[in-house]
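Let me begin by presenting the structure, written as structure tokens, before commenting on it.
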Amino acid sequence: ESHFCLQRYNIFLILQNMNDTFYHILPSGIRIVHRRIASPVVYTGIMVGAGTRDEDAAINGMAHYVEHCVFKGCESMGNASASATPKTISARQIINRIEGVGAEINAYTTKEETVFYAATPKAYFARTLGLIASMVLHPTFPKEETDKEVSVILDEIESYNDSPSELIYDDFEGLVFKGHPLSMPILGSRKTLKQISHSPQNPLRWMATHYLPERIVVFSQGDLPFSSVLRTIEKVMEGCAEMDEHAVFVRNCPNSGACQSVSYKKHTHQVHVMAGGRAYEIGHKNQLGLYLLNNILGGGSLSSRLNLNVRERKGLVYSIESQYTPLSDTGYWSIYFASEPHHKDYCMELCRKELKRLREIPLSSLQLQHALKQLHGQMAISAENQENNALAMAKLTLYHNYAPTWEETFRQIQQVTPQQLLQIANEIYSENNLWMLSYE
């Protein structure tokens with residue numbers, strides 16, 4: 001079980017500054033993280049540790065439905081007193097308040113989080129975050145508007161069904177985490193959406209039991225002093241009640257299961273294949289080692305082992321990649337490719353050979369240094385994306401109460417030895433930890 005409770009957040013009771021990253025906790029239990037950087041744009045938002053895995057099967061898709069429908073209307077107290085009648089803000093007004101100043105607002109749902117955020121000129125930081133807070137804390141779910149949004153979500157589901165290269169990730173998670181809420185699709189189904197959208201009280205009740213202060217991180221990144229950021233956040237988050245000191249957030253870790261090989265008939269021109277298995281959770285001592293191994297195996301570079309041997313040397317696929325997805329209490333790794341049907345088995349054989357090489361042959365010092373040099377460059381380039389930086393900072397704070405810079409993370413990766421990588425490969429890339437799913 002994974003437990004998140006107020007006692008773990010003692011680090012936040014004192015205002016802290018580490019590498020221009022500031023941490024604080026409000027009396028309600030809401031955590032705050034702000035990173036000051038030289039930029040005229042501020043990325044700000046609210047990350048909630050509630051996602052698909054926190055749903056019951058009968059209302060699968062609730063977290064994603066909430067993400068969509070809080071944009072359809074909310075209430076705002078503004079500068080009025082607590083006894084005043086809240087001001088209702090419509091969907092069109094929400095859009096105009098953001099886009100009217102050139103800001104961009106967005107949201108997304110994962111198996112474990114729901115995130116609402118915006119990029120805004122720093123002069124409008126308070127206005128933007130205030131609107132996001134109103135959406136998250138005081139949504140109205142006007143039925144006429146949310147009924148329209150159900151149609152949008154149904155179209156989104158169908159677009160996934162029409163895209164096997166995307167759908168296969170959901171089906172693969174369903175296979176690896178079979179019997180656990182992590183196996184459920186983020187979007188839900190036509191049947192569950194009908195149940196969810198029946199009444200505005202359904203999402204409101206779900207939010208009341210899942211959008212708890214201890215699960216909320218308010219984040220910002222931009223050229224603003226933390227003192228003014230803190231004042232703004234204290235003001236806009238007033239509507240969130242203080243947390244019960246005995247409140248505990250519990251998630252059940254998925255049980256281990258026997259590996260399976262499954263094939264679905266999809267009538268596609270190509271065969272789509274995904275293979276992989278369970279992996280380390282966020283914060284595991286071997287997480288960064290596996291991150292490096294994955295980059296060597298089939299990460300984003302054309303010189304990855306899978307790309308060189310399956311595409312460049314054999315010409316069997318257009319693209320092939322591997323991923324490592326750590327979650328709060330578990331994780332999974334995967335290899336994905338699409339090929340002509342008669343090449344499927346040979347491609348899989350080549351993948352197995354590369355996994356075996358990583359299990360049996362330790363990297364030489366020269367190979368390790370090359371891999372580290374490559375990863376350093378990739379991380380430096382990725383760090384130029386300030387939106388991703390802000391979102392990663394919020395997620396690390398949600399689960400670890402601390403968000404290292406990419407330089408700090410890379411220094412940790414540099415400590416990994418070839419023997420440790422070999423041990424990780426034997427544990428994670430084992431034939432006993434290999435599920436396989438194909439669309440044929």
For [X] and [Y], indicate whether the former's side chain and the latter's backbone hold a donor-acceptor pair under 3.5 Å.
X    : Y    : answer
H180 : N252 : yes
E214 : I30  : no
T146 : E149 : no
K111 : L182 : yes

(request) Begin with the C-alpha distance, continue with both residues' side-chain angles, and end with the deciding distance and a verdict on salt bridge (charged side-chain N to carboxylate O under 4.0 Å, His left out) for D329 and R53. (result) CA-CA 12 Å; D329 54 6; R53 73 174 296 174; 2.9 Å; yes
(request) Please report the C-alpha distance between E173 and S183 in whole Å, then the side-chain angles of each, then the deciding distance to 0.1 Å, and finally whether the side-chain hydrogen bond (donor to acceptor under 3.5 Å, both in side chains) criterion is met. (result) CA-CA 5 Å; E173 289 177 356; S183 67; over 6 Å; no
(request) Run the numbers on F337 and M274 for side-chain contact (heavy atoms from CB on, under 4.5 Å), then give the verdict. (result) CA-CA 7 Å; F337 65 84; M274 183 162 281; over 6 Å; no
Is it true that the side chains of [X] and [Y] contain a donor and an acceptor less than 3.5 Å apart?
X    : Y    : result
Y336 : H272 : yes
S438 : E440 : yes
Q386 : N389 : yes
E104 : Y117 : no
E67  : T109 : yes
Y399 : E113 : yes
E281 : S328 : no
S159 : E156 : no
T120 : T128 : yes
N433 : R278 : no

Distance check, rounded to the nearest 0.5 Å: [X] atom [atom1] versus [Y] atom [atom2]?
X    : Y    : atom1 : atom2 : value
Y65  : W206 : OH    : CH2   : 13.0 Å
C69  : F141 : SG    : CZ    : 6.5 Å
K122 : S39  : NZ    : OG    : 8.5 Å
M436 : C259 : CE    : SG    : 13.0 Å
S334 : Y324 : OG    : OH    : 12.0 Å
Q415 : F410 : CD    : CZ    : 10.0 Å

(request) Assess whether atom NZ of K191 is packed by more than 12 heavy atoms of other residues, nucleotides or ligands within 6.0 Å. (result)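 No.
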(request) Check whether more than 12 heavy atoms from other residues, nucleotides or ligands sit under 6.0 Å from atom NZ of K266, and answer yes or no. (result) yes
(message) Walk me through whether R36 and D223 qualify under salt bridge (charged side-chain N to carboxylate O under 4.0 Å, His left out).
(response) CA-CA 5 Å; R36 189 165 190 179; D223 191 14; 3.2 Å; yes
(message) Between N60 and T192, does the side-chain hydrogen bond (donor to acceptor under 3.5 Å, both in side chains) criterion hold? Intermediate values first, please.
(response) CA-CA 6 Å; N60 175 215; T192 58; 5.1 Å; no
(message) I want to know whether W333 and Y429 have ring centres closer than 6.0 Å.
(response)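 Ring centroids of W333 and Y429 are less than 6.0 Å from each other.
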(request) Would you please classify the geometry between the H284 ring and the Y280 ring as parallel, tilted or perpendicular, with 30° and 60° separating the classes? (result) parallel
(message) Could you walk me through whether R251 and E112 satisfy the salt bridge (charged side-chain N to carboxylate O under 4.0 Å, His left out) test, starting with their C-alpha distance in whole Å, then the side-chain angles of each, then the deciding distance to 0.1 Å, before giving a yes or no?
(response) CA-CA 10 Å; R251 279 176 171 166; E112 299 195 305; 3.5 Å; yes
Can you give me the closest heavy-atom contact between [X] and [Y], atom names plus distance?
X    : Y    : answer
I216 : Y211 : CD1-O, 4.0 Å
T330 : P254 : CG2-CG, 3.8 Å
G222 : V42  : CA-CG2, 4.1 Å
M348 : V273 : SD-CG1, 4.3 Å

(request) Show the numbers, then the answer: is there a side-chain contact (heavy atoms from CB on, under 4.5 Å) between L292 and I296? (result) CA-CA 6 Å; L292 176 59; I296 294 168; 4.3 Å; yes
(request) Begin from the C-alpha positions of E408 and T405 and carry the test side-chain contact (heavy atoms from CB on, under 4.5 Å) through to its verdict. (result) CA-CA 5 Å; E408 290 177 90; T405 62; 3.3 Å; yes
(request) Flag this pair as yes if the NZ/CZ of R311 is under 6.0 angstrom from the six-membered ring centre of Y318 and inside a 45 degree cone about the axis; otherwise no. (result)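 Judged by the rule (NZ or CZ under 6.0 Å from the ring centre, within 45° of its axis), R311 counts as positioned above Y318.
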(message) Would you say that H376 contacts W406 through its side chain, given a criterion of any heavy-atom pair below 4.5 Å between the two side chains?
(response)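 Answer yes - side chains close enough.
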(message) As a quick check of understanding, evaluate salt bridge (charged side-chain N to carboxylate O under 4.0 Å, His left out) for R231 and E234, giving each step before the final call.
(response) CA-CA 5 Å; R231 284 195 300 271; E234 287 175 333; over 6 Å; no
(request) Begin with the C-alpha distance, continue with both residues' side-chain angles, and end with the deciding distance and a verdict on side-chain contact (heavy atoms from CB on, under 4.5 Å) for L129 and S220. (result) CA-CA 9 Å; L129 183 58; S220 60; over 6 Å; no
